[in-house]
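Structure, as structure tokens:
Owing to the predicted nature of the structure, the values given are computational and were not obtained by experimental measurement. All chains are named by letter (A, B, ...) in the order of the sequence lines, taking the proteins before the strands, and each is independently numbered beginning at 1.
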Amino acid sequence: MLESVMSLMEGFSVAISPMNILYCFIGCFVGMLVGVLPGIGPTEATALLIPLTFGMEPVSAIIMLAGIYYGGMYGGTITSVLINTPGEAASVITCLDGYPLAKQGRAGVALKVAAVGSFVGGLISIIGLALIAPPLAEFALRFGPTEMFALLVFGMSMVVGLMGKSLVRGLVAVFIGLLLALVGMDPVSGRIRYAFGVNQLVSGLDLVTICMGLFGLSEILVGMENLYIHNKTSSVNSSRLEKGEMRPTVMSIIRGSFLGFFMGLIPGTSSAIPALISYSMEKRLSKHPEKFGKGAVEGVAGPETANNSYVGGAMIPLFTLGIPCSPTIAILMGAFMMHGLTPGPTLFIESPIVVWGTIASMFIGNVILLIMNWPLAGAWAKVANIPNKLLYPVVLIIAMLGAYTVSNSLFEIGVMLVFGIIGYVLKKLEIPMAPIVLVYVLSEMIERSLLQSLKINKGFSGLYSSPIALGFLIAAVLILVLSLYAEFRNKKTDFLNDSDG
Amino acid sequence: MEKVRKSYVLFMAVVITALVFAGFSSVSAEFPEHEITIVVPFNAGGASDMTSRIIATGLQEELGQTVLVVNKPGGSGGVGMSEVRASKPDGYTISYIPVEIVMHETLELSDIVIEDFDYIGQMTLVPAALTVPADAPYETVQDFIDYAKEHPGEVTIGNSGAGSIWHIAATLLGEQAGVEFNNIMFDGAAPAVTALMGGHIDAVTVNSGEVLSGVQAGKLKILAIMTEERDPAMPDVPTMVESGFDVIIGGWGALGVPKGTPAEVLEKLSAALEKATATKEFSDFITQRGMIVHYSNTADFAVFIEEQSEFFTNLLSNMELGG
């Protein structure tokens with residue numbers, strides 16, 4: 001431990017050099033920027049910038065590229081909150097409560113809480129990365145397909161909490177999510193499902209495109225109905241937490257930090273998953289679950305914290321074992337190799353300067369991002385005051401550009417438009433969107449990991465012979481039973497009080 | 001005042017001369033007159049994308065024109081390749097061609113066939129390697145096969161997806177050795193390697209570059225590489241053929257243009273590609289990624305891809321996907 005602190009100090013002496021601070025700033029800034037733009041995310045940005053780092057010192061190159069990665073997590077929040085259009089996958093869930101907050105004139109609160117949460121989450125996960133990386137990485141390796149399946153089932157059991165008022169509508173949403181996840185190649189046999197002979201559908205639908213349509217575009221369509229009615233709910237731009245919001249927000253940030261860090265360790269997860277699980281968890285633990293979806297500050301704080309602390313967690317398997325846990329990390333690994341460094345246990349011994357310099361720079365980068373985001377939050381929040389008739393065309397253009405950059409094709413724009421119309425219809429029918437997204441993200445991975453587990457173990461034996469898997473499955477069943485029980489009890493009282501059913 | 005006007009006249013004279021010359025040169029010059037685009041049919045950041053980006057800088061120097069790289073992912077490469085196929089055959093739109101092109105028809109991934117393109121040439125070989133945990137009880141491929149024979153259908157081998165080149169590699173090894181493996185599909189090579197390091201599966205047959213850091217960390221060992229000759233980057237690792245199994249299989253990357261591109265354009269591109277693949281920058285990058293630099297020209301590659309098409313079509317039709 002003491003040794004780690006000493007090494008970290010040495011790392012700071014590298015990271016604090018003016019050039020490295022400049023590279024760190026550039027990385028964070030570019031990351032913020034691509035986070036804001038829908039479609040192009042940190043993964044693409046890192047890939048595009050790698051060739052530019054050729055002439056740089058290895059440590060500076062890695063510092064800059066890592067900055068893009070965690071900077072992107074900050075930036076994605078902004079469009080989610082302001083225009084209900086997620087900048088990247090990790091911020092999809094932020095739309096659910098961030099946008100209602102903005103509509104109430106509280107965009108400043110949402111953005112500031114997200115910035116602070118991201119900072120705390122980032123900090124805690126970097127401390128974890130610096131102090132206890134090696135034993136954690138060994139533990140993470142025990143997550144094979146079977147354990148992964150159980151973890152995802154546990155995540156899926158949370159969906160019950162997101163269903164909203166009506167169980168039937170919630171189930172409709174779940175099935176829509178499942179149906180969407182089926183499109184594309186079967187993970188085991190390679191058979192192509194529901195592609196209807198369209199090349200672009202062979203690899204499935206893109207999460208960000210779907211969400212831009214379901215959330216952003218449908219919002220515009222609904223808004224068009226009363227474009228000329230001036231019903232600004234609040235002209236006050238409050239950027240302070242109200243009484244009673246402080247405690248749950250702080251708690252959700254703490255929970256999100258640990259959740260994201262832990263999920264980052266597990267190979268094969270993506271930054272969207274900790275955000276989704278954090279959201280469901282916060283809603284479950286909240287004293288006022290009815291506020292979720294209508295502007296609950298915890299609903300922004302928890303997920304935004306989780307997706308940032310995920311980054312620090314995801315660096316651990318890379319640094320200690322040479323395992324890339326997510327697509328962006330895989331590209332970062334490529335950058336290491338291009339500069340003649342092989343990620344893995346030898347990296348700490350052979351080039352401690354690079355490892356500790358990068359870790360130290362992540363501390364600095366998070367401070368830079370907080371400084372950039374805190375005052376900006378107020379400025380961004382003014383976007384919410386722009387009249388809709390001016391705002392909507394701009395949002396539409398941003399969404400279309402974003403959809404195009406997903407795969408540089410017009411096809412994605414078409415997909416987004418279709419999902420915009422679907423979203424509009426779903427809103428009219430009051431079918432909740434959150435379960436669609438959660439189920440879509442989880443079910444493809446559930447299918448793959450279950451089939452892998454069944455093939456490896458030649459049957460279901462893996463599910464009860466692995467203690468980790470068994471633990472998660474039991475927890476999932478408990479959550480399901482408990483929430484169904486609670487649901488029925490609530491329903492009884494609901495029926496009595498609620499005459500229009 | 002006079003001075004300012006004079007310098008202005010001089011400036012304009014320079015500009016006009018430059019423009020005239022530029023105009024002349026664009027009339028008289030042959031290919032390439034403007035920028036060239038390489039379409040990568042996969043996501044940014046993958047091996048094929050990075051290969052294309054490095055080669056683009058090399059081609060740019062050789063051809064004296066900007067070479068752009070655009071990613072058009074989707075459909076196992078089908079989306080990007082179809083788009084290039086439909087573009088004008090003038091040499092300005094180039095596609096990265098992966099080994100998977102020879103399987104598209106058989107696996108019904110798209111309607112792309114090898115005859116859709118003229119080929120500028122090959123750039124890389126991507127060798128497959130049989131890799132096991134470092135503490136596994138076998139030291140040679142023979143040990144491994146013996147073990148698999150004693151435990152039929154039990155030895156699990158990870159690959160990067162159903163019908164992927166690494167899935168086919170494992171199946172070919174099983175066929176040649178007369179054993180049946182339990183193939184486990186992952187979403188890419190990296191998750192398969194991770195599962196191997198965690199002890200959830202027994203072996204992987206993915207590209208040697210993917211297992212490099214695991215080998216250096218002392219967690220994995222490579223039993224054999226499936227190329228014709230040993231990889232100069234790992235001279236101690238024997239080939240499958242040396243180990244007594246006739247298995248030569250691997251991926252490759254090439255560049256292609258739509259069928260009907262003029263021969264002189266193709267020649268010029270091919271010559272530029274030969275020089276670009278010979279640079280130190282390119283070979284350093286390729287070697288670090290566990291691949292092998294392998295240039296072959298238009299004529300040689302046309303023969304090679306024909307053979308590959310036949311080889312994989314036969315193999316795939318014998319192999320029941322989903323097994």
### Task
Hey, could you give me the CG/NZ distance between A/Asn199 and B/Lys72, rounded to the nearest 0.5 Å?
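Rounded to the nearest 0.5 Å, the CG-NZ separation comes to 13.5 Å.
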Exceeds 12 heavy-atom contacts within 6.0 angstrom, atom [atom1] of [X]:
{"X": "A/Glu444", "atom1": "CD", "result": "no"}
{"X": "B/Glu105", "atom1": "CD", "result": "no"}
{"X": "B/Glu180", "atom1": "CD", "result": "no"}
{"X": "A/Glu57", "atom1": "CD", "result": "no"}
{"X": "A/Arg142", "atom1": "CZ", "result": "no"}

### Query
Side chains of A/Leu141 and B/Lys219: does their closest heavy-atom pair fall under 4.5 Å?
yes
### Message
Are the side chains of A/Leu451 and B/Met185 in contact, using a 4.5 Å heavy-atom criterion?
### Response
no
Least distance between heavy atoms, [X] atom then [Y] atom:
{"X": "A/Lys458", "Y": "B/Gly153", "result": "NZ-O, 3.0 Å"}
{"X": "B/Phe186", "Y": "A/Gln452", "result": "CD2-NE2, 3.2 Å"}
{"X": "B/Leu109", "Y": "A/Val202", "result": "O-CG2, 4.1 Å"}
{"X": "B/Ile201", "Y": "A/Ile456", "result": "CG2-CD1, 3.7 Å"}
{"X": "B/Asn182", "Y": "A/Lys455", "result": "ND2-O, 2.6 Å"}
{"X": "A/Gly322", "Y": "B/Ser213", "result": "O-OG, 3.4 Å"}

### Query
A/Asp186, A/Thr46, A/Asn408: which one forms the most heavy-atom pairs within less than 4.5 Å of chain B?
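When all of A/Asp186, A/Thr46, A/Asn408 are compared, A/Asn408 has the most.
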Using heavy-atom distances under 4.5 Å, tell me whether [X] contacts chain B through its side chain, its backbone, both, or neither.
{"X": "A/Phe143", "value": "backbone"}
{"X": "A/Met333", "value": "side chain"}
{"X": "A/Met148", "value": "neither"}

#### Entry: Sole residue of A/Ser453, A/Pro145, A/Ser466 in side-chain contact (heavy atoms from CB on, under 4.5 Å) with B/His200
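For B/His200, the side-chain contact (heavy atoms from CB on, under 4.5 Å) test succeeds with only one of A/Ser453, A/Pro145, A/Ser466, which is A/Pro145.
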Under a 4.5 Å heavy-atom cut-off, does chain A meet the side chain of [X], its backbone, both or neither?
{"X": "B/Ala217", "answer": "both"}
{"X": "B/Asp187", "answer": "both"}
{"X": "B/Glu108", "answer": "backbone"}
{"X": "B/Ser82", "answer": "side chain"}
{"X": "B/Ser110", "answer": "both"}
{"X": "B/Ile54", "answer": "side chain"}
{"X": "B/Pro73", "answer": "both"}

### Query
Relative to chain A, which of B/Thr156, B/Asn71, B/Thr57 shows the most heavy atom pairs under 4.5 Å?
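When all of B/Thr156, B/Asn71, B/Thr57 are compared, B/Asn71 has the most.
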